[in-house]
Amino acid sequence: MTEMILDIRNLKVSIPTDRGMLNAVRGVDLQIAKGETLCLVGESGCGKSLTATSIMGLLPRYAKVTSDRFEMAGQDLTTKTDAKLAKLRGRDVAMIFQDPTSALNPTLTIGRQLTEGVMRHEKLSRKEADARAIEMLDRVGIANPAARLTQYPHGFSGGQRQRIMIASALMGRPRLLIADEPTTALDVTIQAQILTLLGELQADLGLSLLLITHDLGVVAAIANDVAVMYAGRIAEHAPAVDLFATPRHPYTKGLLAAIPVPGVTPRGSELPAIPGRVPGLIGTMQGCAFRDRCAIAGPECAHDPVPRISAGQGQFVECVKAAEVVA
Ligand SMILES: Nc1ncnc2c1ncn2[C@@H]1O[C@H](COP(=O)(O)OP(=O)(O)OP(=O)(O)O)[C@@H](O)[C@H]1O
Ligand SMILES: [Mg+2]
């Protein structure tokens, strides 16, 4: 059996707002196997970041989180106390964020920022921690790493800062790395370099990677599996090759139709965008959340619950008309 690094069932995240309860994550199932990459895709406001943040245990206190299962590296986290949770998460999972400029503290040296965590959590000496920081900076492609420990973030370019953030995430030798839109703040050429780096690190270190991205080109290049998120749920979960060849959810199909395919899409042609917008997530919903935007929706799409059709091991689609989409 494949070893799962992350196994989450029926994850729900709700946030009280002055307009009512915002049910941003509405029963998400996610599984990531050891050493594999799961890409989480979907339009803005679908709940991707909140899902990631809840895996990290970094949601604000007022957020309400429940799940039927929450296992990381074989450990059941639903039964652990806050302190134990923090420790486990610090050890097994690390996260890199969208904007490298705001994630680094401008007033502290790179060395200090990289080593603080491991000196505290693993009780490493200054010397040991520095050695690990140098190793990690070297791994992420920062030249002359020993000399750079004493420098401050402003001395680095955006791309270098994101490399440093990745080094920082690797310091605790995590088994799962979560990257939430790690390249959107960077130039296109640098984006490609950072993604290549993530792919290499994953292969070298046997890391599992949860990559949140809008970019389906990136997904095609590095994902083993893809989870397509829509309005707080996973609409479709499939191996990447399968998803690109045979999308089973109309939303997936719409997302794929909106990206150019090299060699197939004529240059300069206009690609069909999905009409309408992601629905607001306040309060309850009935039936399929996508049906207002769906070209093939019928009356049965308003019924609850939306059927989940299994299409292989861990592969599923939540659409009553999936067979029609495939045909
Ligand atoms: N702390 C918060 N308080 C109130 N609402 C929030 C909070 N965090 C997120 N939300 C709302 O929850 C919904 C889902 O947010 P989330 O950040 O998870 O979306 P996302 O899929 O990551 O979108 P994007 O692609 O734009 O990053 C959005 O409507 C967002 O405005
Ligand atoms: Mg987000």
Side-chain angles (χ1 to χ4, degrees), residues 6-31 38 40-71 77-79 180-181 210 212 214 226-238 247-255 273-311 314-325:
L6 188 72
D7 189 354
I8 297 176
R9 304 292 166 91
N10 200 22
L11 174 70
K12 294 182 178 168
V13 179
S14 300
I15 296 175
T17 73
D18 45 17
R19 289 178 302 135
M21 195 54 106
L22 179 95
N23 299 307
V25 180
R26 298 173 176 246
V28 157
D29 292 1
L30 277 184
Q31 289 181 300
L38 174 74
L40 184 60
V41 305
E43 287 162 291
S44 192
C46 281
K48 304 182 298 297
S49 292
L50 283 175
T51 300
T53 318
S54 68
I55 296 169
M56 286 301 292
L58 292 177
L59 285 172
R61 280 209 167 272
Y62 52 81
K64 198 170 147 275
V65 189
T66 61
S67 65
D68 293 348
R69 183 185 298 178
F70 206 119
E71 285 180 11
L77 299 194
T78 45
T79 60
D180 189 356
E181 305 268 4
L210 172 59
I212 300 176
H214 281 101
V226 187
V228 180
M229 192 158 186
Y230 190 75
R233 283 187 74 82
I234 305 299
E236 179 166 6
H237 187 129
R248 291 161 201 273
H249 197 288
Y251 181 56
T252 312
K253 214 171 171 176
L255 288 178
I274 304 171
R277 298 204 294 157
V278 176
L281 298 174
I282 305 255
T284 54
M285 257 181 224
Q286 228 212 320
C288 172
F290 186 62
R291 69 180 192 280
D292 294 347
R293 306 172 70 187
C294 180
I296 61 167
E300 64 273 47
C301 302
H303 297 165
D304 265 333
V306 179
R308 172 178 291 196
I309 296 153
S310 173
Q315 184 175 350
F316 65 81
V317 55
E318 286 195 350
C319 174
V320 70
K321 297 203 158 201
E324 198 175 312
V325 179

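The CG atom of Asp180 sits 8.5 Å away from the CG atom of Leu40 when rounded to the nearest 0.5 Å. Rounded to the nearest 0.5 angstrom, Met229 CE and Glu43 CD are separated by 12.5 Å. For the atom pair OH of Tyr251 and SG of Cys319, the computed distance is 14.0 Å after rounding to the nearest 0.5 Å. Distance CG/Leu255 to NZ/Lys253: 13.0 Å, rounded to 0.5 Å. Considering CE of Met285 and CG of Asp304, their distance stands at 11.0 Å, rounded to 0.5 Å. Rounding to the nearest 0.5 Å gives a distance of 5.0 Å between CG of Leu6 and CD1 of Ile55.
Within the 4.5 Å cutoff, the side chain of Leu30 has no heavy atoms near those of the Leu11 side chain. By the 4.5 Å heavy-atom criterion applied to side chains, Val325 and Pro247 are not counted as neighbours. Using a 4.5 Å cut-off on side-chain heavy atoms (C-beta onward), Leu50 and Leu59 make contact. Between Val278 and Arg293, some side-chain heavy-atom pair lies under the 4.5 Å cut-off. A heavy-atom distance below 4.5 Å is not found between the side chains of Asn23 and Leu281. Between Asp292 and Pro279, every side-chain heavy-atom pair lies at or beyond the 4.5 Å cut-off.
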Checklist entry - Step by step, would you call Tyr230 with His249 a side chain to side chain contact (heavy atoms under 4.5 Å, CB included)? => result CA-CA 11 Å; Tyr230 190 75; His249 197 288; 6.0 Å; no
Item to check | Stepwise side chain to side chain contact (heavy atoms under 4.5 Å, CB included) check, Val317 with Thr252 | outcome: CA-CA 10 Å; Val317 55; Thr252 312; over 6 Å; no
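With sequence neighbours left out, Gln315 forms a side-chain contact (heavy atoms from CB on, under 4.5 Å) with Ala238, Pro239, Asp242, Arg248, Ala311. A search for side-chain contact (heavy atoms from CB on, under 4.5 Å) contacts involving Arg233 returns Arg26, Arg308, Glu318, not counting sequence neighbours.
In this structure, His237 and Phe316 have tilted ring planes: the angle between them lies in the 30° to 60° band.
Taking each heavy atom of Ala297 and Lys321 in turn, the nearest pair found is C-NZ, 4.4 Å. Contact detail for Ala231 and Cys46: the closest heavy-atom pair is N-SG, 3.7 Å. Considering every non-hydrogen atom in both His214 and Ser44, the closest pair reads NE2-N, 3.8 Å.
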Pair up each side-chain donor or acceptor in residues 63-71 with any protein partner under 3.5 Å, not counting sequence neighbours, and list the distances.
residue	atom	partner	partner atom	Å
Asp68	OD2	Asn10	ND2	3.1
Arg69	NH1	Asp7	OD2	2.9

